[in-house]
Amino acid sequence: MRVGLLTGGGDCPGLNAVIRAAGRRVMTRDGEVVGVLEGWKGLVDGLFEPLGPREISGLLPRGGTIIGTTRTNPFKLDGGVDKVLANVRDAGLDALVAIGGEDTLGVAARLYEEHEFPVVGVPKTIDNDLSATDYTFGFDTAVTIATEAIDRLHTTAESHNRVMVLEVMGRHTGWIAVMSGIAGGADVILIPEQPISIEEACDDIRRRHERGKDFSIVVVSEGFELEGAGDGGDVDQFGHVRLSERGVGAALAREIEQRTGYETRVTVLGHVQRGGSPTARDRVLATRYGLKTADLVEERKFGRMAALQGDSIVDVPLKDATAELKTVPEDWFAVARAFFG
Ligand code: F6P
């Protein structure tokens, strides 16, 4: 079989580990592997690169994606879908492995439903907001990076008796904020789906300071709704605004300082959360996903996605993964909240 591999949307650590694992298994079965360059743009414009044993070797620890990525949506481009179908036919691809999050897999699911497109999916995103899988790869690395940042902020916060606000990514969900906040011992965490008011957050900080602590760590997710924050930057082809430009961390820091009188600083972690080498856990997960998708391709189980349920790798319908966002449930937030104030 001739199998295309595509990475779409925001990059994350572990993409190359999937390429390695899926590529290796396809090659072991005498199949050919083709890299589709720059996400769905590569299928619209016909950008392909053959991948052999040499190209997929040494990829396990390497961050980013060797085949590039964009946030291109073929359904938003004039004739985009027809070009995708024609390029797949001309390139002689028997199957496509789409490695992506909500947007990339949403396109894959639609192509499968509307055009019987031979595609299987792999769930990727640092945001961990895809349904039908317990975890996406990339998330563990982002949480590890954010946790290290919280650890580092602790020592400088303590030295200066300051409140330190850390803004993390996560778009519409607060998975990174909650998990890194629990792991790093944050004193307050603000996320879009379990919002607490600024006054409650300030009360928690005041209570802590009354108990004799002179510093506090506050973690806020970039998508947290806050008066005083902006609307965000440009909208991409999937309708997402650039949340990092809302300045929610800075607005929150201003509010905290004004209301409590405690000196406050802000750190915006940004794309550092998506860069560099994947954690061991993400490498293992990405590897298992890669092998599973090669099996799905071999079995011609198209329209499916590899998923983690409990400790097992299973396959689920692509449309189940993208039907709705997986948000942070109350019980996870309760774990974090037990340590507020
Ligand atoms: O979806 C992953 C993500 O990192 C979000 O957490 C964030 O809002 C967005 O991508 C940033 O996108 P870009 O890389 O286009 O700035």
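Remember, it's 1-based here, ligands and their atoms both numbered in the order they're listed.
- Applying the side chain to side chain donor-acceptor pair (under 3.5 Å) test to every pair with at least one member in residues 93-118, sequence neighbours left out, gives these pairs: D103-H240, R110-E114.
- In this structure, R208 satisfies the cation-pi test against F215, with its NZ or CZ atom closer than 6.0 Å to the six-membered ring centre and inside 45 degrees of the ring normal.
- Taking D315 as the reference, K292, K301, R304 meet the salt bridge (Lys or Arg N to Asp or Glu O under 4.0 Å) condition, with sequence neighbours excluded.
- Inspection of the R162 and T156 side chains reveals no N or O donor paired with an N or O acceptor under 3.5 Å.
- Under a cutoff of 6.0 Å and an axis angle of 45°, K326 and W175 form a cation-pi pair.
- For L77, the side chain to side chain contact (heavy atoms under 4.5 Å, CB included) criterion is met by V44, T72, Q237, not counting sequence neighbours.
- Within 4.0 Å of ligand 1, protein heavy atoms belong to R71, I126, D127, M169, G170, R171, E222, H271, R274, listed by chain and number.
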